[in-house]
*Asks:* 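Below is the structure I would like to discuss, written out as structure tokens.
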Amino acid sequence: MESGASLHRGVSSDAARRSVTDVVDRTAAIVDGDWKVLSGPRLGLCPGSDGSGDAEDPGGVTWVYIAQRPGSDDPEDDLRRVEAFWQRLGITTKRYRSGGDDPDLGVSGRGGPVTSIDFLSSAEGGYSIDGGSPCADGDFGELATGTPSPAP
């Protein structure tokens, strides 16, 4: 493998970024409200990559995108709608809840157009959606700085 090249994952960095932003934005539209981008889309390294571009480094990039808004009076209904939407996209879902008198409720997902995604309804923090893209072809350094890596 040449320096800076990643394993052929079959998806470009731009496609991975679009995929995660699309799912997060469409999820936000399902529950409506005044959503704000908290972070991203933010570039990250694929698991196992150190960004060196060395022959042993599998390389590749991921994108993380987080949106947040105030909660609502009926989080159970919103969770049901989010879960049904994600399942239609081929995302495997799992519900969760924290303990206590006023528990946080959520649904997490894996697969389909994302590697991971989470919808959280928190009594303290409102709603948040946190999505991560699949690993994609791309040189982290080049994408982070906008300048090509030097040729070996």
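Since we're looking at a predicted model, the values are computed, not measured.
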*Asks:* Are D130 and I117 close enough that some pair of their side-chain heavy atoms sits under 4.5 Å apart?
*Replies:*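 They are not in side-chain contact.
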*Asks:* For the residue pair F119 and W86, does the interplanar ring angle fall in the parallel (under 30°), tilted (30 to 60°) or perpendicular (over 60°) class?
*Replies:*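 Judged by the thresholds at 30° and 60°, the geometry between F119 and W86 is perpendicular.
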*Asks:* Does some side-chain heavy atom of V114 sit less than 4.5 Å from a side-chain heavy atom of I91?
*Replies:*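 Contact flag for I91/V114 side chains = yes.
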*Asks:* Taking the side chain as C-beta and beyond, is there a heavy-atom pair between V31 and R69 under 4.5 Å?
*Replies:*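 Counting from C-beta outward, V31 and R69 do come under 4.5 Å.
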*Asks:* Verify, without hydrogens or angle tests, whether R17 (side chain) and S133 (backbone) share a donor-acceptor contact under 3.5 angstrom.
*Replies:*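 Looks like no, no N/O pair under 3.5 Å.
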*Asks:* Locate the shortest heavy-atom distance separating T62 from C135; write the atom from each residue and the value.
*Replies:*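 What the structure gives for the nearest pair is CG2-SG, 3.8 Å.
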*Asks:* Count I, L, V, M, F, W, Y as connected when their side-chain heavy atoms are under 4.5 Å apart, and connections chain through other members. Are V61 and V64 then in the same cluster?
*Replies:*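 No, V61 does not connect to V64 through the hydrophobic network.
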*Asks:* Look at the side-chain heavy atoms of Ile, Leu, Val, Met, Phe, Trp and Tyr, link any pair under 4.5 Å apart, and say whether I66 and L79 land in one connected group.
*Replies:*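 No, it is not one cluster - the side chains of I66 and L79 are not joined through contacts under 4.5 Å.
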*Asks:* Determine whether L89 and V23 make a side-chain contact, defined as any pair of heavy atoms from C-beta on separated by less than 4.5 Å.
*Replies:*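 Heavy-atom side-chain distance check passes, below 4.5 Å.
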*Asks:* Could R95 and E76 be called an ion pair, given the rule that one side-chain N must be under 4.0 Å from one carboxylate O?
*Replies:*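 Looking at R95 and E76, the cut-off is met.
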*Asks:* Could you check whether any side-chain heavy atom of Y127 comes within less than 4.5 Å of a side-chain heavy atom of P70, counting everything from C-beta outward?
*Replies:*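 They are not in side-chain contact.
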*Asks:* So do L120 and Y96 actually touch side chain to side chain, heavy atoms under 4.5 Å?
*Replies:*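 A side-chain contact under 4.5 Å exists here.
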*Asks:* Check this for me: does any side-chain nitrogen of one of R80 and D78 sit under 4.0 Å from a carboxylate oxygen of the other?
*Replies:*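 No, R80 and D78 are not salt-bridged.
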*Asks:* Side chains of S121 and D104: do they bring a donor and an acceptor to under 3.5 Å?
*Replies:*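 There is no such pair (donor and acceptor under 3.5 Å, judged by atom type) between the side chains of S121 and D104.
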*Asks:* Would L38 end up clustered with V82 when hydrophobic side chains under 4.5 Å apart are linked, directly or stepwise?
*Replies:*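 In one cluster: no.
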*Asks:* Check whether any side-chain heavy atom of Y65 sits under 4.5 Å from a side-chain heavy atom of I129, and report yes or no.
*Replies:*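 A side-chain contact under 4.5 Å is absent here.
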*Asks:* Using modelled atom types only, decide if a donor and an acceptor are shared between the side chain of S19 and the backbone of A15 within a distance under 3.5 Å.
*Replies:*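 No, S19 side chain to A15 backbone: no donor-acceptor pair under 3.5 Å.
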*Asks:* Is a side-chain donor-acceptor pair under 3.5 Å present for S128 with Q68?
*Replies:*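 Checked: Q68/S128 side chains show no N/O donor-acceptor pair below 3.5 Å.
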*Asks:* Do W63 and S13 have a side chain donor and acceptor closer than 3.5 Å?
*Replies:*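 Yes.
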*Asks:* Could you state the interatomic distance from CG (L105) to OG (S98), rounded to the nearest 0.5 Å?
*Replies:*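 With rounding to 0.5 Å, CG (L105) is 7.0 Å from OG (S98).
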*Asks:* Check whether R81 reaches the backbone of I30 with its side chain - one donor and one acceptor, N or O, closer than 3.5 Å.
*Replies:*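 It does hold such a pair.
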*Asks:* For P134 and P113, work out which heavy atoms get closest and say how close.
*Replies:*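 What the structure gives for the nearest pair is CD-O, 3.6 Å.
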